[in-house]
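I have placed the structure first, in the form of structure tokens, so that the comments after it can refer back to it.
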Amino acid sequence: MKLGWKLLLIPPVLVIYGLIFRTQEKMFQGIEVDLQPLPGYRYILAISGYLHQIVAEISFVETAVFLGGVKAGTEPSTYSVTLAHNYQQITKIYPEFIDPYFYSQSYLAGVNNEATNAVNEILSTGMLAHPENLVLPFFQGFNFFRYLDEPLQASKIFTVASMLPNAPPMFSHLAAILSAEGGQLEASIHSLRAMIQSADDETVKRRYHEEMEMFQQAYIVQQAVWKYSNEKQSYPKTLDQLVPNYIEKLPDFGNVFNLTWKPPTVGLKRPDR
Amino acid sequence: MVAKLRVLAWLVVLDGLRRYAIIGLVALALALEVGGLLFVDFIPRDIGRVASDFILSVGFFAGIIFLLFHAVQAIAWDEGRRTSHTFLARPITRSQYVLGVFLGLSLLLLLLNIVLAGTGYGILFLIKNSVKAIYFKHLSLYNYGLAWAGLYCSELIILAAVMVFSGLVRKSFPVLLMTVSYYCICSGLPVVRDAFIGREENDSDILVEMLRWLTAIFPDLGRFDFKTLITKEMTNSGLWQTLGIDFALLFFYLLISLTVAAMIYERRDLQ
């Protein structure tokens, strides 16, 4: 078949195609790519079968590519719900895969309470899959303490983590400090006493001893509060009201701790720096 | 009988080796395995685990393509081209024919898996030596071999199902659809059972029992999935007992499936 003059149509058709293509590219340049929520993990497990691990890994790569493309100044709360959902599904599909736990901690913890709670739930899955991992319980305890203002929950996490093989002494110490911040001074004193017994380093022992003395002084304040409430059937508005009838003076811990009062508990908190 | 089976199996192997589609499949699978070197660049920490998952997944993908687009077709070709009639005109029984074809296709599948496993191990070794030890701590050759053996067992189960379906149904496309459905049920049933896991303590629950016995017909292929062991240092001793039971189950499942397939072929009208 001879094409003849029809060949002359090809260049203008190509030019028109190129122009339409450029227009389309300009239109899509400004559009932000949304992160698509993954289907439920049971559905993915049923469909993917033997390939469920690679499906989880590809889904993780998809979220990583999305996070890499987020424009500067974008509020994390605009995508945190979908991101948390996706990491939840990925970790349920493949709990042994460690990277989603690190990414969820990096990109979701601290965005808001909902996101942080979602991260803690995701980390719980990881702690079941990796029972001897030390980083995941540290993340969870940190989230409870730093973002959710639940020092007692954090203390519980660090107490359990301190019993893991090769757990650093820092975990027990954190558990005691956070327990004190949450108002459980007596438990903190017992913890520190045990840590003094087990510590080898004299410097560390001395520091624990000093902290234990501070906790004991704070506990005296707590006992004064109980005495006040027994007599007056109410709690003092400030700890200054305990002086001088119930306690000689309030202890001063310098830059080491601040005495806190959240009725009915007296606590010790590290000062903000 | 063994000689007849061996000859028939060898003919099936030679027929498979000369097919361009099989050669293309092997080339594609090898290229995908090499692509694993690039895929792990997207993974920040768990490089060892992802790399081994990728290699085994490519092997599974190649195996499934082989089963759906060669094994199914090979039996259909036999009937379409009347090759089976030629075989069965000789002193070979229909049962021997079924067993011989199964052995031949199993051997082809084994060759495919060996080639991919060897290349895959090389790729994993390369990746392990190119990243820090913390990102790829262990590469156990023994566990790697175990993972491929588990994959091969899953593929044999699907191949046995293909033999049964080929006996029941003429034409390759319906057999292909039935095989895909079979695989989907095998994958989905454990998820459904998991959803009812709290109710399994109640023995009078008919649905839970039915799901349990369905697993005997549509086995949980996940029980042969040992991918996660590749990056572990040691295999725990409790695994041996589990492996023994799994492989015993595989043997008897294949025995029953091939017996059923042979019985179907014995009664089948080839016209």
Side-chain angles (χ1 to χ4, degrees), chain A residues 38-69 86-87 89-107 122-123 125-126 128-136 138-139 165-166, chain B residues 32 36 38-61 63-64 134-135 137 147 150-151 153-155 157-158 180 182-197 218 220-232:
Chain A
L38 285 174
Y41 75 97
R42 286 187 201 276
Y43 175 78
I44 295 176
L45 278 171
I47 293 293
S48 53
Y50 189 87
L51 299 173
H52 69 275
Q53 293 101 337
I54 202 74
V55 167
E57 286 151 5
I58 289 171
S59 302
F60 168 78
V61 169
E62 195 183 14
T63 64
V65 169
F66 165 78
L67 288 167
N86 285 6
Y87 283 137
Q89 304 315 306
I90 290 169
T91 51
K92 280 180 181 163
I93 294 166
Y94 194 8
E96 292 88 352
F97 183 29
I98 202 89
D99 286 293
Y101 304 112
F102 282 79
Y103 264 53
S104 62
Q105 176 67 22
S106 301
Y107 289 99
I122 291 165
L123 290 170
T125 308
L128 282 174
H130 297 276
E132 297 192 353
N133 187 291
L134 297 172
V135 176
L136 302 183
F138 176 78
F139 283 162
N166 303 317
Chain B
L32 281 173
L38 300 172
F39 180 70
V40 295
D41 281 344
F42 287 97
I43 306 298
R45 297 187 71 88
D46 223 345
I47 293 173
R49 190 187 303 280
V50 170
S52 49
D53 289 341
F54 186 85
I55 296 295
L56 269 289
S57 297
V58 168
F60 175 79
F61 169 73
I64 281 290
I134 193 167
Y135 301 131
K137 284 180 190 167
L151 172 59
C153 292
S154 302
E155 289 166 346
I157 290 172
I158 299 172
V180 171
Y182 171 85
Y183 172 72
C184 289
I185 295 172
C186 290
S187 297
L189 196 53
V191 180
V192 174
R193 283 188 67 187
D194 198 42
F196 284 91
I197 201 162
F218 301 98
D220 182 0
L221 300 178
R223 289 178 188 166
F224 295 97
D225 184 354
F226 305 117
K227 286 203 272 307
T228 53
L229 296 179
I230 296 173
T231 51
K232 285 190 180 172

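In what follows, chains carry the letters A, B, and so on, assigned in the order in which the sequence lines appear, proteins first and then strands, with residues in each chain numbered from 1. Here the structure is a predicted model, which is why all the values come from computation and not from measurement.
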Note to self: Could you report the tightest heavy-atom contact between B/Val191 and A/Arg42, atom names first, then the distance?
What the structure shows: CG1-O, 3.4 Å
Checklist line | Side-chain heavy-atom pair A/Glu57, B/Phe42 within 4.5 angstrom cut-off | finding: no
Margin query: If I measure from the heavy atoms of chain A, does B/Ile64 come under 4.5 Å with its side chain, its backbone, both, or neither?
Written below: neither
Notebook entry, point to check: Is the side chain of A/Asp99 donor-acceptor paired with the backbone N or O of B/Asp46 at a distance under 3.5 Å, no angle test?
Noted result: yes
Notebook entry, point to check: Hey, are the side chains of A/Phe60 and B/Pro44 touching, using non-hydrogen atoms and a 4.5 Å cut-off?
Noted result: yes
Checklist line | Which portion of A/Tyr43 sits near chain B, non-hydrogen atoms under 4.5 angstrom | finding: neither
Next item on the list: Tell me, for B/Leu189 versus chain A, whether the close heavy atoms (under 4.5 Å) come from the side chain, the backbone, both or neither.
Entry: neither
Checklist line | Shortest non-hydrogen contact between A/Gly49 and B/Ser187, atoms and distance | finding: CA-OG, 3.6 Å
Note to self: Counting only non-hydrogen atoms closer than 4.5 Å, does A/Tyr94 touch chain B with its backbone (N, CA, C, O), its side chain (CB onward), both, or neither?
What the structure shows: side chain
Next item on the list: State whether the side chain of B/Asp53 and the backbone N or O of A/Ile54 hold a donor-acceptor pair below 3.5 Å, judged by distance alone.
Entry: no
Margin query: Donor-acceptor pair, distance only, cut-off 3.5 Å: does the side chain of B/Arg49 make one with the backbone of A/Glu96?
Written below: yes
Notebook entry, point to check: Between A/Leu51 and B/Phe60, is any pair of side-chain heavy atoms under 4.5 Å apart?
Noted result: yes
Margin query: What's the separation between atom CG in B/Asp225 and atom NE2 in A/His52, rounded to the nearest 0.5 Å?
Written below: 6.0 Å
Check: Which region of B/Thr228, side chain (C-beta onward) or backbone (N, CA, C, O), has a non-hydrogen atom less than 4.5 Å from a non-hydrogen atom of chain A, or is it both or neither?
Finding: side chain
Next item on the list: For A/Ile58 and B/Phe39, run side chain to side chain contact (heavy atoms under 4.5 Å, CB included): C-alpha distance rounded to whole Å, both residues' side-chain angles, the deciding distance at 0.1 Å, then the answer.
Entry: CA-CA 9 Å; A/Ile58 289 171; B/Phe39 180 70; 4.1 Å; yes
Next item on the list: Answer yes or no: is there a side-chain heavy-atom contact under 4.5 Å between B/Ile43 and A/Phe97?
Entry: yes
Checklist line | B/Phe61 atom CZ, over 12 foreign heavy atoms within 6.0 Å | finding: no
Check: Which heavy atom of A/Tyr50 sits nearest a heavy atom of B/Lys227, and at what distance?
Finding: O-NZ, 2.8 Å
